[in-house]
Amino acid sequence: MPSFLIVHSVIQDGRFDAYRQPPTLDIGGLRAPLDWGDITLHVPAGDLPVTVYVVRTDGQIEGAKITVRAPAGTGTRLTFIPPLQPGGTSQLRIDGQWAADSSMHYYAARDARVLAAPTHPLPPVGEGRSRAASGVRIVAPAAAPLAPPAQAVGPTPGSTASVPPSPSSFGHEQGARVDPVQASPAHPAPGAAGPAHPQPSFGQRQPPAIPTPEEFDRLEREAGAAQARAYEAWAAQQRATSHEPPAQHDGAPRPIGLVPANAGQAQPAWYPDPFRRAELRWFDGQQWTSSVMRGGARTHDLPG
């Protein structure tokens with residue numbers, strides 16, 4: 001199962017113009033470009049020697065190192081913060097570790113960052129020396145002697161510790177610290193016997209095919225025909241439950257509660273204007289209205 005690394009890079013004062021480019025991630029000599037904000041990428045499982053560094057506009061390099069234990073099928077979130085002042089101490093910390101889920105697969109595919117062999121060697125981050133030939137000054141954090149690599153952080157593969165067995169909340173509680181807990185039968189510890197039928201890993205589950213223009217047109221026509229059939233069925237039901245034929249009217253809204261005309265009375269329709277001021281006048285079944293027709297155009301003229 002794949003492992004993931006979520007690297008969150010942030011500048012304390014928001015001065016992005018103080019750096020040549022976003023930070024760079026180095027894991028055992030393989031590198032990938034990062035960005036300010038969150039970047040998710042696939043990483044190998046195991047104890048990872050992680051270095052994150054950034055180059056200021058004057059060529060000075062700021063960075064930090066940490067050893068991360070990344071069991072298979074987990075996602076580990078790191079935060080990298082370069083110092084405010086040149087030569088200060090960069091921060092690189094582990095914020096938490098979760099079971100890998102579909103959101104990590106999605107963000108890794110979206111960010112498309114791949115660890116690859118570099119074209120130039122890794123700058124000596126944290127060694128406190130300068131190179132006059134290249135004009136790049138490398139500042140050691142806190143001017144302290146080199147310390148041995150930090151103890152790996154995270155559960156030890158094959159031990160009783162594992163990642164939390166509850167569903168991952170990646171994307172909702174990023175940055176929350178998660179302590180290793182006892183493994184459960186539903187989520188065995190790394191190295192333990194897994195289920196007989198493991199879930200397909202990223203890349204094996206194919207997305208649904210995109211329909212061709214011909215298929216899309218066919219689906220549209222089928223949907224339109226289904227809507228037409230549904231409307232016809234509804235209209236037939238309305239005609240079966242209605243005992244009154246539809247009355248003709250001039251298109252204007254009819255008042256609610258209008259008393260229907262008597263059988264012997266003239267039906268609502270256009271009739272010759274009895275007042276001889278227009279060609280036609282609308283009779284609503286009870287009285288003459290102000291709607292008249294003159295030269296094929298509808299207008300209004302009060303009766304009387």
Does Val114 sit in a hydrophobic cluster with other residues, and if so which ones, taking ILVMFWY side chains as linked at heavy-atom separations under 4.5 Å, directly or through other members?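 Reading the cluster by chain and number, Val114 sits alone, since nothing else belongs.
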Linking Ile, Leu, Val, Met, Phe, Trp and Tyr through side-chain heavy atoms less than 4.5 Å apart, which residues share a cluster with Trp288?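 Trp288 shares its hydrophobic cluster with Tyr271, Phe275, Phe283.
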Between Asp301 and Ser290: side-chain donor-acceptor atoms closer than 3.5 Å: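 No, Ser290 and Asp301 have no side-chain donor paired with an acceptor closer than 3.5 Å.
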Near [X] [atom1], under 6.0 Å, is it more than 12 heavy atoms from other residues, nucleotides or ligands?
X: Gln12; atom1: CD; result: yes
X: Arg276; atom1: CZ; result: no
X: Phe16; atom1: CZ; result: yes

Using 0.5 Å steps for rounding, measure from the CD atom of Gln91 to the CD1 atom of Ile81.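 Gln91 atom CD to Ile81 atom CD1 measures 4.5 Å (nearest 0.5 Å).
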Polar side-chain atom of Ser3 near backbone of Pro71 as donor-acceptor pair, under 3.5 Å: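 Yes; judged by distance alone, with no hydrogens or angles, the pair exists.
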Strictly distance-based, threshold 3.5 Å: is any side-chain N or O of Arg221 a donor or acceptor partner for the main-chain N or O of Leu219?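 No: the side chain of Arg221 does not pair with the backbone of Leu219.
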Got Arg298 and Trp282 here, is their nearest side-chain heavy-atom distance under 4.5 Å?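 A side-chain contact is absent here, since even the closest heavy-atom pair is not under 4.5 Å.
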Check: Tyr53 and Leu25 side chains under 4.5 Å, non-hydrogen atoms: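 Of all side-chain heavy-atom pairs linking Tyr53 with Leu25, none is under 4.5 Å.
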Between Asp17 and Arg15, is the salt bridge (charged side-chain N to carboxylate O under 4.0 Å, His left out) condition met? List the steps. CA-CA 5 Å; Asp17 56 347; Arg15 290 288 307 276; 2.9 Å; yes
